[in-house]
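Predicted model, so just to flag it, every value in this text is computed and none were measured. Chain identifiers are assigned alphabetically (A, B, ...) following the order of the sequence lines, protein sequences preceding nucleic acid strands; residue numbering begins at 1 within each chain.
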Amino acid sequence: MSKQRNPVSIRPLDRAFFARDPRRVARGLLGKILVRRDARKQLAARIVEVEAYLGENDPAAHAFSGRTARNAVLFGPPGHAYVYFIYGNHYCLNVSCQAEGKAGCVLFRALEPLNGLEDMARARGIALDGPKAELKLTSGPGRLAQAFGITRARDNGYDLTSNAGSLWIGDDGYRAPGVRVTRRIGITKASDKPLRYLLEGNRFVSGRKIAA
DNA sequence: ATATCGATTATCT
DNA sequence: GATAATCGATATG
């Protein structure tokens with residue numbers, strides 16, 4: 001009778017995990033799991049690509065020009081969802097970091113779907129034909145938000161640190177194999193800084209081409 | 001295979 | 001009035 005640990009148990013990340021520099025949080029989030037649970041669905045997906053945004057010190061960050069109605073969550077406590085709407089079409093999910101008044105955050109760019117793939121496909125409006133279709137479920141910030149039903153009205157400001165909630169982030173003990181760091185995607189300001197973190201070789205990482 | 005482009009709206013200047 | 005932390009479709013080699 002050796003000590004046994006349930007391999008599928010997932011522990012929520014606590015507030016202290018997010019109360020650090022966004023670069024540390026971004027690295028730490030790789031390999032963790034985003035969970036959506038409501039009456040109808042149980043969605044889970046492993047975090048394979050993220051970007052750090054450094055608050056008021058970072059020209060590419062939404063918080064760069066100070067607090068507004070839109071980015072207020074970033075100036076609040078760590079571990080809360082910051083959801084914004086972009087290009088008239090897409091929602092993107094971030095988690096607030098650092099501390100109250102320090103508006104760092106991490107953008108979720110790609111996930112590897114683990115559970116509830118059929119529900120994700122339905123939310124995305126696509127068919128789950130083959131292994132290739134899975135790649136279109138959660139590879140990209142807009143795609144993963146749609147797959148998880150994330151909207152600003154529903155999720156902005158939501159506390160992501162409780163596994164009693166409908167949206168949270170957990171650790172199942174998985175250890176990230178290799179982490180690669182590149183420039184951030186799709187931004188015009190401070191685009192040279194190495195603040196994008198991804199799991200090396202993971203096929204769910206967004207964007208075929210990598211800018212070093 | 002990569003490149004370019006239109007969609008569509010909240011937010012800020 | 002311009003812009004944007006994107007996506008999917010279309011064009012082209």
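Within residues 65-84 of chain A, the residues having any heavy atom closer than 4.0 Å to DNA chain B are, in order of number, A:Thr68, A:Arg70. Scanning residues 132-157 of chain A for heavy-atom distances under 4.0 Å to DNA chain C yields A:Gly140, A:Pro141, A:Gly142, A:Arg143. A heavy-atom distance below 4.0 Å to DNA chain B is reached by none of the residues of residues 90-121 of chain A.
Within the structure, the side chain to side chain donor-acceptor pair (under 3.5 Å) test picks out the following pairs touching residues 107-121 of chain A (sequence neighbours left out): A:Glu49-A:Arg109, A:Arg109-A:Ser206, A:Glu112-A:Asn202, A:Asp119-A:Arg122. Within the structure, no pair that satisfies the ring-ring contact (aromatic ring centres under 6.0 Å, His included) test touches residues 158-185 of chain A, not counting sequence neighbours.
Sequence order on DNA chain C of the closest nucleotides to A:Ile187 and A:Ile126 puts A:Ile187 first from the 5' end.
Contact check on A:Asp38 versus A:Arg40 returns no salt bridge, with no Lys/Arg side-chain nitrogen under 4.0 Å from an Asp/Glu carboxylate oxygen. Salt bridge A:Arg184/A:Asp192: absent, no basic N to carboxylate O contact under 4.0 Å. A salt bridge links A:Glu200 with A:Arg180: at least one charged nitrogen is closer than 4.0 Å to a carboxylate oxygen. A salt bridge links A:Arg15 with A:Asp159; the closest basic N to acidic carboxylate O contact falls under 4.0 Å.
Under the 4.5 Å side-chain heavy-atom criterion for ILVMFWY residues, a single connected hydrophobic cluster contains both A:Val83 and A:Phe85.
A:Arg20 is linked by a salt bridge (charged side-chain N to carboxylate O under 4.0 Å, His left out) to nothing, counting only residues two or more places apart in sequence or in another chain. By the side-chain contact (heavy atoms from CB on, under 4.5 Å) test, A:Asp14 is found to be paired with A:Ala16, A:Phe17, residues two or more places apart in sequence or in another chain being considered. Residues passing the salt bridge (charged side-chain N to carboxylate O under 4.0 Å, His left out) test with A:Asp129: none are found, sequence neighbours excluded.
In this structure, A:Leu74 shares a hydrophobic cluster with A:Tyr53, A:Val73, A:Phe75, A:Tyr82, A:Tyr84, A:Ile86, A:Tyr87, A:Leu107, A:Ile187, the cluster being traced through Ile, Leu, Val, Met, Phe, Trp and Tyr side chains under 4.5 angstrom apart.
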Show which side-chain atoms of residues 132-139 of chain A pair as donor or acceptor with protein atoms under 3.5 Å away, not counting sequence neighbours.
residue  : atom : partner  : partner atom : Å
A:Thr138 : OG1  : A:Leu111 : O            : 2.7
A:Ser139 : OG   : A:Leu135 : O            : 3.1
A:Ser139 : OG   : A:Phe204 : O            : 2.6

With Watson-Crick and G-U wobble geometry limited to distances under 3.5 Å, how should the secondary structure of DNA chain C be encoded in dot-bracket form, using | for bases paired to another strand and [ ] for crossing pairs?
||||.|||||||.
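Rounded to a whole Å, the NE2 atom of A:His62 is 11 Å from the C1' atom of B:dA10.
Residue A:Lys102 places its NZ atom among 12 or fewer non-hydrogen atoms of other residues, nucleotides or ligands, all under 6.0 Å distant.
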I would like to know whether A:Asp172 and A:Arg46 meet salt bridge (charged side-chain N to carboxylate O under 4.0 Å, His left out); could you show each step before the answer?
CA-CA 10 Å; A:Asp172 69 341; A:Arg46 195 172 306 283; 3.1 Å; yes
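In plain terms, the two heavy atoms of A:Pro177 and A:Leu199 that are nearest each other are CD-CD2, 4.2 Å.
Boundaries of the chain A contact region on DNA chain C are C:dA4 to C:dG8, first to last in 5' to 3' order (nucleotide atom under 4.0 Å from a heavy atom).
Residue-level contact check: A:Tyr87 touches the bases, meaning some heavy atom is under 4.0 Å from a base atom.
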